[in-house]
Amino acid sequence: TSQPTECFLSQPEEKQETTVKAKRRKKKKISDILEKSAPKPGVPADLQNLLSQHFGENRSVIEIEELKLSDSCFLPANDLTHSFSSYLKEICPKWAKLRKNHKEKKSVVMLVICSSALRALELIKSMTAFKGDCRVLKLFAKHIKIKEQINLLEKGVFHIGVGTPGRVKALVEQDGLCLNSTKYMILDWNWRDQKLRRMMDIPEIKKETIDLLEMSIIKLCREGSVKLGLF
């Protein structure tokens, strides 16, 4: 008589276990979606759409029009065949001259925006073949105080800044970094982290990047002094 009782007890437990597993399976993460999609290089229209979606509900038609960028504001986008150095060489063939003529403090000629401090360090290492004899400044928050970065920018001449949108935005707001001498802004658009997220797939990074663009970059692009690149 004990045999059927044991069988009866084990059945609901098994059912419960399988339903929990099924529920777990149903919840799709962004990494699951991205894993199945083939890598597709970012194009200017992607950034335009992102800005329209972000501001669409809260802005008037005129305000949204002021945030639009023409194709002439963009550099050729990375088609996923480039290394970082080869991409920079293609979009900026006169780098040696620009580097030589840059004398302003509190500014950089090229600004590279990425999702994390670790990624910023990777990009700095991988641009060796391009940068030549120029000074690169790390513009992220991890282990570096904002005052240190402001002091460095005030005292010396730097050609390239590589960092996260949040820290770059804070430096601009505190008048530590001036963007008037900046000619190029490169977004690390296509790179994916361990969870297969691009920088614009991370809500906090996406918001900070859009805030930085809206704060001053879009205006400078529309005036023709800054060109945007999607790497």
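Just so you know, these numbers come straight off a predicted model, no measurement behind them.
Expressed to the nearest 0.5 Å, how far OG of Ser216 lies from CG of Asn180 amounts to 9.0 Å. For the atom pair Leu47 CG and Ile210 CD1, the distance stands at 8.0 Å (nearest 0.5 Å). The CG atom of Leu118 sits 10.5 Å away from atom CG of Leu123, with the distance rounded to the nearest 0.5 Å. Ser116 OG to Leu121 CG: the interatomic distance, rounded to the nearest 0.5 Å, is 8.5 Å. From Cys92, atom SG reaches atom OH of Tyr184 across 3.5 Å, with rounding to the nearest 0.5 Å. A distance of 9.5 Å separates CD1 of Ile150 from CG of Leu177, quoted to the nearest 0.5 Å.
Residues Ser115 and Met199 come closest through the heavy atom pair CB-CB, 3.9 Å. When all heavy atoms of Thr209 and Pro165 are compared, the pair lying nearest together is OG1-CG, 3.4 Å. Closest non-hydrogen pair, Asn58 versus His54, comes out as ND2-O, 4.2 Å. Scanning all heavy atoms of the two residues, the minimum distance from Ile160 to Cys134 falls at CD1-SG, 3.8 Å. A pairwise comparison of heavy atoms in Leu228 and Cys221 identifies CG-SG, 3.8 Å as the closest pair. Here the shortest heavy-atom pairing between Cys178 and Ser107 reads O-CB, 3.4 Å.
Between the Arg197 side chain and the Arg192 main chain, no donor and acceptor come within less than 3.5 Å of each other. Of the possible polar contacts, one joining the Asn190 side chain to the Gly42 backbone as a donor-acceptor pair under 3.5 Å is found. Between the side chain of Asp46 and the backbone N or O of Val43, at least one donor-acceptor pair lies under 3.5 Å. At distances below 3.5 Å, not a single donor-acceptor pair connects side-chain atoms of Lys183 with backbone N or O atoms of Met110. Checked by atom type and distance alone, the side chain of Arg167 pairs as donor or acceptor with a backbone atom of Ile144 at under 3.5 Å. Between the side chain of Lys103 and the main chain of Lys100, a donor-acceptor pair closer than 3.5 Å is present. Using modelled atom types, one side-chain atom of Ser126 and one backbone atom of Glu122 make a donor-acceptor pair closer than 3.5 Å. A donor-acceptor contact shorter than 3.5 Å is absent between the side chain of Lys219 and the backbone of Leu213.
Considering only heavy atoms from C-beta on, Met215 comes within 4.5 Å of Lys169 through its side chain. A heavy-atom distance below 4.5 Å is not found between the side chains of Leu179 and Val108. Taking the side chain as every heavy atom from C-beta outward, Glu208 and Thr164 never approach each other to under 4.5 Å. Counting heavy atoms from C-beta on, the side chains of Ile113 and Val168 come closer than 4.5 Å. In this structure, the side chains of Leu69 and Arg222 come closer than 4.5 Å at one or more pairs of heavy atoms. Looking only at side-chain heavy atoms (C-beta outward), Pro203 and Ile205 stay at 4.5 Å or farther from each other. At a threshold of 4.5 Å between non-hydrogen side-chain atoms, the residues Ile124 and Lys138 count as touching. Val112 places none of its side-chain heavy atoms less than 4.5 Å from the side chain of Leu88.
Leu152 and Leu111 end up in the same hydrophobic cluster when Ile, Leu, Val, Met, Phe, Trp and Tyr side chains are linked at under 4.5 Å. Transitive grouping of hydrophobic side chains (ILVMFWY, heavy atoms separated by less than 4.5 Å) keeps Met200 and Leu196 in distinct clusters. If you chain together hydrophobic residues whose side chains sit under 4.5 Å apart, Leu187 and Leu137 fall into the same group. Both Leu230 and Leu67 belong to a single network of hydrophobic side chains, linked directly or stepwise wherever heavy atoms of I, L, V, M, F, W or Y lie under 4.5 Å apart. Using a 4.5 Å cut-off between side-chain heavy atoms of Ile, Leu, Val, Met, Phe, Trp and Tyr, with links allowed through other members, Leu98 and Val136 fall into the same hydrophobic cluster.
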| request: Apply the test side chain to side chain contact (heavy atoms under 4.5 Å, CB included) to residues Thr182 and Val109: give CA-CA distance (whole Å), side-chain angles for both, the deciding distance (0.1 Å), then the verdict. | output: CA-CA 4 Å; Thr182 303; Val109 183; over 6 Å; no
| task | Evaluate side chain to side chain contact (heavy atoms under 4.5 Å, CB included) for Gln174 paired with Leu171, printing each intermediate quantity in order. | result | CA-CA 5 Å; Gln174 293 185 35; Leu171 284 162; over 6 Å; no
| request: Verify side chain to side chain contact (heavy atoms under 4.5 Å, CB included) between Leu212 and Met185, making sure each step is shown before the conclusion. | output: CA-CA 11 Å; Leu212 176 64; Met185 180 170 164; 3.9 Å; yes
| said: Quick one, Ile186 with Ile91, criterion side chain to side chain contact (heavy atoms under 4.5 Å, CB included). Give me CA distance, side-chain angles, the key distance, then yes/no. | reply: CA-CA 10 Å; Ile186 313 299; Ile91 61 163; 3.4 Å; yes
| query | When you look at Arg198 and Asp193, which way does the salt bridge (charged side-chain N to carboxylate O under 4.0 Å, His left out) test go after all the steps? | reply | CA-CA 7 Å; Arg198 294 158 300 186; Asp193 66 11; over 6 Å; no
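Glu204 CD: 12 or fewer foreign heavy atoms inside a 6.0 Å radius.
Ser83 and Ser85 form no side-chain donor-acceptor contact under 3.5 Å, judged by distance and modelled atom types alone.
In this structure, Arg59 pairs ionically with Glu214, as a charged nitrogen and a carboxylate oxygen lie closer than 4.0 Å. A salt bridge does not link Arg99 to Asp133: none of the charged nitrogens lies less than 4.0 Å from a carboxylate oxygen. Comment: Glu65 engages Lys68 in a salt bridge, judged by a side-chain N to carboxylate O separation of less than 4.0 angstrom. Electrostatic pairing of Asp175 and Lys106 counts as a salt bridge here, judged by a charged N lying under 4.0 Å from a carboxylate O.
For residues 115-169, every residue pair satisfying the ring pair (Phe, Tyr, Trp, His ring centres under 6.0 Å) rule, not counting sequence neighbours, is listed here: Trp95-Phe130, His102-His159.
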